[in-house]
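All residue numbers in this chain count up from 1 along the given sequence.
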Amino acid sequence: MSIWDRLGDFVTRVSSSASSGVAEVVEAVRTVFSGDADLRRRVAFSVAMIALSAKMAKADGIVTQDEVRAFQEIFELPKEQRRNVARLYDLAKRDIAGFETYAERMAQLCGSGHSNCLMLEDILDGLFHIAKADGLVHEREGEFLHRIAEIFRIDEAHYQSILARHVDLGAADPYVVLGIERGKPFEEVRRRYRKLVSDNHPDRLIARGLPQEFIKIATTRLAAINAAYEMIERGLRHA
């Protein structure tokens with residue numbers, strides 16, 4: 001049974017709740033999948049991405065067709081499960097709880113409890129992918145994403161690295177993309193680059209709870225990391 005079939009069963013159960021607020025959603029993930037930690041991580045990631053995407057759309061006030069397409073790029077949904085994902089999206093969008101409450105509960109559900117948690121970074125990357133789909137990250141979306149990062153305990157320097165991955169590298173500092181100070185020896189830059197590539201290998205992402213269907217996030221991230229490294233290497237070679 002695929003992740004989407006299991007998520008469909010979960011949505012049906014949550015939808016029958018009287019209020020179906022964030023507390024019910026989080027508790028349902030914990031209880032329904034209590035016997036399978038790996039499946040629980042994958043469902044938790046999916047639920048967090050869908051719910052926070054809905055809250056971002058509500059905060060921004062506009063959902064463009066580009067954003068819908070970007071959402072579908074991350075969520076490669078079988079047609080028969082699109083209705084269930086839409087139901088969960090609408091539940092989150094209608095919930096009177098604010099996005100900060102959702103982010104706090106999703107961080108507890110998905111996070112490691114440590115700062116710069118990689119799984120929470122995966123969620124933030126997915127939100128950036130959707131936000132920039134129409135060509136730029138709008139002011140309200142930027143404020144939303146920055147606040148989500150704060151709640152996720154992603155420190156400011158690390159947030160700037162994530163942000164830099166999602167802007168045109170012509171305007172972004174490649175050192176910021178790699179999260180390393182300008183002027184460091186090239187060997188140190190290379191070690192940092194290799195660690196980022198290792199951390200973002202698809203097998204690593206799946207191991208920490210990223211479903212196979214979401215590897216689009218990792219592919220986009222690695223493309224930005226590779227481009228930044230190549231830019232630094234090329235600049236040092238010609239210096």
Side-chain angles (χ1 to χ4, degrees), residues 3-33 39-64 67-77 81-112 117-133 137 140-141 143-154 208-211 213-214 216-217:
I3 182 72
W4 296 116
D5 292 325
R6 301 305 298 271
L7 191 62
D9 293 342
F10 165 77
V11 171
T12 299
R13 188 172 303 201
V14 170
S15 298
S16 64
S17 169
S19 56
S20 295
V22 61
E24 287 84 354
V25 170
V26 170
E27 189 56 35
V29 172
R30 288 194 175 122
T31 56
V32 172
F33 304 101
L39 181 59
R40 184 173 67 248
R41 281 195 301 272
R42 290 188 289 131
V43 171
F45 176 89
S46 307
V47 169
M49 274 296 309
I50 295 165
L52 289 174
S53 295
K55 287 299 185 184
M56 183 166 67
K58 188 172 182 179
D60 183 48
I62 303 169
V63 180
T64 68
E67 288 171 342
V68 171
R69 280 191 291 272
F71 185 89
Q72 291 172 345
E73 283 176 2
I74 298 174
F75 296 88
E76 296 177 0
L77 300 172
Q81 291 298 340
R82 289 179 184 173
R83 180 178 296 179
N84 284 323
V85 171
R87 285 168 68 191
L88 181 57
Y89 186 93
D90 289 340
L91 280 174
K93 200 169 179 182
R94 291 199 311 267
D95 190 355
I96 60 171
F99 78 87
E100 292 178 327
T101 300
Y102 261 77
E104 288 163 2
R105 298 301 294 269
M106 294 306 167
Q108 293 169 13
L109 183 66
C110 302
S112 62
C117 169
L118 289 172
M119 189 172 183
L120 296 179
E121 181 180 342
D122 293 332
I123 294 170
L124 191 61
D125 253 341
L127 294 173
F128 261 109
H129 181 75
I130 294 167
K132 70 178 184 180
V137 176
R140 286 185 182 177
E141 291 171 328
E143 292 169 354
F144 174 92
L145 292 163
H146 193 262
R147 181 63 185 130
I148 293 291
E150 290 176 342
I151 294 168
F152 282 0
R153 295 182 60 199
I154 293 173
R208 68 178 180 248
L210 193 72
E213 294 89 343
F214 301 105
K216 171 73 176 179
I217 294 172

* Structure fact -> Residue set satisfying salt bridge (Lys or Arg N to Asp or Glu O under 4.0 Å) with Glu27, at least two apart, ordered chain then number -> none

Nearest 0.5 Å please: distance from the [atom1] atom of [X] over to the [atom2] atom of [Y].
X      : Y      : atom1 : atom2 : result
Phe45  : Ile50  : CZ    : CD1   : 10.0 Å
Arg41  : Met119 : CZ    : CE    : 7.5 Å
Glu104 : Leu109 : CD    : CG    : 13.5 Å
Tyr102 : Met56  : OH    : CE    : 15.0 Å
Arg42  : Cys110 : CZ    : SG    : 13.5 Å
Ser46  : Leu88  : OG    : CG    : 9.5 Å

* Got more than 12 heavy atoms from elsewhere within 6.0 Å of CZ, Arg30? -> yes

What heavy-atom pair brings [X] and [Y] nearest, and what distance separates the two atoms?
X      : Y      : value
Leu120 : Ala107 : CD2-CA, 3.9 Å
Met49  : Leu127 : CE-N, 4.1 Å
Ala149 : Leu124 : CB-CD2, 3.9 Å
Phe152 : Ile123 : CE2-CG2, 4.1 Å
Ala92  : Ala54  : CB-CB, 3.9 Å

* Could you tell me whether the side chain of Lys58 and the main chain of Lys93 form a donor-acceptor pair under 3.5 Å? => yes

* Asked: Are the side chain of Lys55 and the backbone of Ala97 linked by a donor-acceptor contact shorter than 3.5 Å?
  ->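 Confirmed, Lys55 side chain pairs with Ala97 backbone.
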
* Any Lys/Arg nitrogen of Glu150 or Arg147 sitting under 4.0 Å from an Asp/Glu carboxylate oxygen of the other? ->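 Result for this pair is yes, salt bridge flagged.
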
* To do: Run the numbers on Glu100 and Ile148 for side chain to side chain contact (heavy atoms under 4.5 Å, CB included), then give the verdict.
  => CA-CA 7 Å; Glu100 292 178 327; Ile148 293 291; over 6 Å; no

